[in-house]
Amino acid sequence: MARSRALLAAPASERLYSIAEVADLWQVSRDTIERLLRSGLLRFVQVGPRRRRIPASALDEYLEEHAGA
């Protein structure tokens, strides 16, 4: 079953990161993060028509699934 690319909502207490923040944390380019979002490998929350945020839990999930890959 394919995973949904976007969440409808995230828990109010969960930290949401911008694409630039995740790129900085992971020391990769914004383009790399954009590719992960487009491919569905990294979940995001649609905040507005053009604004996406990545929940902290999505970062944890991605790292657990792809650690050492």
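Here the shortest heavy-atom pairing between Phe44 and Pro55 reads CA-CD, 4.1 Å. Nearest heavy atoms, Leu37 versus Arg43: CD2-O, 4.2 Å.
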Glu34 and Arg52: CA distance, side-chain angles, deciding distance, salt bridge (Lys or Arg N to Asp or Glu O under 4.0 Å) verdict: CA-CA 10 Å; Glu34 292 277 0; Arg52 295 169 289 177; 2.6 Å; yes
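With rounding to the nearest 0.5 angstrom, the CZ atom of Arg38 is 7.5 Å from the CG atom of Asp31.
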Pairs of donor and acceptor atoms involving the side chains of residues 19-28, under 3.5 Å and at least two apart or interchain, shall be tabulated with distances.
unit_1	atom_1	unit_2	atom_2	d
Glu21	OE1	Ser18	N	2.7
Glu21	OE1	Ser18	OG	3.4

